[in-house]
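Below: the structure, in structure tokens.
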Amino acid sequence: MITRFAPSPTGPLHLGHAYSALVAYDMAVAAGGRFLLRIEDIDQSRARAAWEQQIYDDLQWLGLTWEEPVMQQSDRLQDYHAALNVLWGQGLLYPCTCSRSDIKEAMGAPQEGVDQHGPDGLIYPRTCCEALRVGVVPPDVTLRLDLNALPDLPLMYTEADRGRHWASVAELRQTTGDFVVARKDMATSYHLAVVVDDAAQGVTDVVRGADIQDATPIHVLLQTLLNLPTPTYHHHRLIRDDNGKRLAKRDDARALSKYRAEGATPNDIRRLVGLPAA
Ligand code: GLU
């Protein structure tokens, strides 16, 4: 078994991150497997070296060990480009020049009871889908995946303890729309990078929060198109604050470093998130 923790160095780790990292770590240790770390720093406008250092400090303090070298997404742009090449070569991508307000305008007034949002925000109305798809992958432009160019493939993954989960391309057309595989400013997207990297690291079991579960059929589709294996997914409960709201990066109050500064021990953190002591 190979598990991983894949934080973005854009803020302090909080109790929710600790829970995710500890579950992934404990699972690998219990199985005699491997635990890996990956720094998801493709958004260079938000990533900071100081946050990255804090991630290492916090995880070490929690008692976790991981293999070196740590994978950094900012080192892997060539690998993402290679994946884009494969999809572009299949005629599945088109360049999109729409701004958010263009998309809103093209969608028209919201209809009552119709959800216009998917896991990635507004469901794109395919304004740019006729754009030319010849030559090499165009640089410095947003690229979307044309779901209408695909047959109605079934998309299946295993959710640990809950069995098989089915989706399909037809369903994605409704619930997600033509999602972004490369953002203009980063030449990849979270979805593409996570799929390429989980495969490159040989991750067998992806442990992450239930908030990402809706995006998993997108990942399974990309794995299918890029001929990559689909890991087993463990989408875990979210850690919430006293008002039941899920913790966000800006919730400094729940930052691990703060608990640590106040004298908490790693086992206190385990107890707080409902895990047995180490
Ligand atoms: N980098 C993502 C985050 O910090 C995690 C993505 C994943 O585990 O697939 O929320």
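Starting from 1, each residue takes its place in the sequence as its number. Hydrogens, waters and symmetry mates play no part in the numbers below; they use all other heavy atoms, side chains included. Both counts, for ligands and for their atoms, begin at 1 and track the order of listing. As the structure is a computational prediction, the values presented were derived from the model and not from experiment.
Distances below 4.0 Å separate heavy atoms of Val194 from the following atoms of ligand 1: 9 (O). Atom numbering of ligand 1 starts at 1 in the shown order; those under 4.0 Å from a heavy atom of Ser8 are 1 (N), 4 (O).
A side-chain donor-acceptor contact under 3.5 Å links Arg173 to the backbone of Leu147. Here the side chain of Asn85 pairs no donor or acceptor atom with the backbone of Ala82 at under 3.5 angstrom.
By the 4.0 Å heavy-atom criterion, Tyr190 is counted among the residues contacting ligand 1.
Ligand 1 has no N or O atom lying under 3.5 Å from any N or O atom of Val206, backbone or side chain. Close N/O approach between Glu40 and ligand 1 is found [any backbone or side-chain N/O within under 3.5 Å].
Under the 3.5 Å distance criterion, with hydrogens and angles disregarded, a donor-acceptor pair is assigned to the side chains of His235 and Arg208.
Using a 4.0 Å cut-off between heavy atoms, Arg4 contacts ligand 1 through its side chain alone, with no backbone atom that close.
In this structure the side chain of Leu37 reaches within 4.5 angstrom of the side chain of Tyr56, judged on heavy atoms. Side-chain atoms of His165 and Thr216, non-hydrogen and from C-beta on, never get closer than 4.5 Å to each other.
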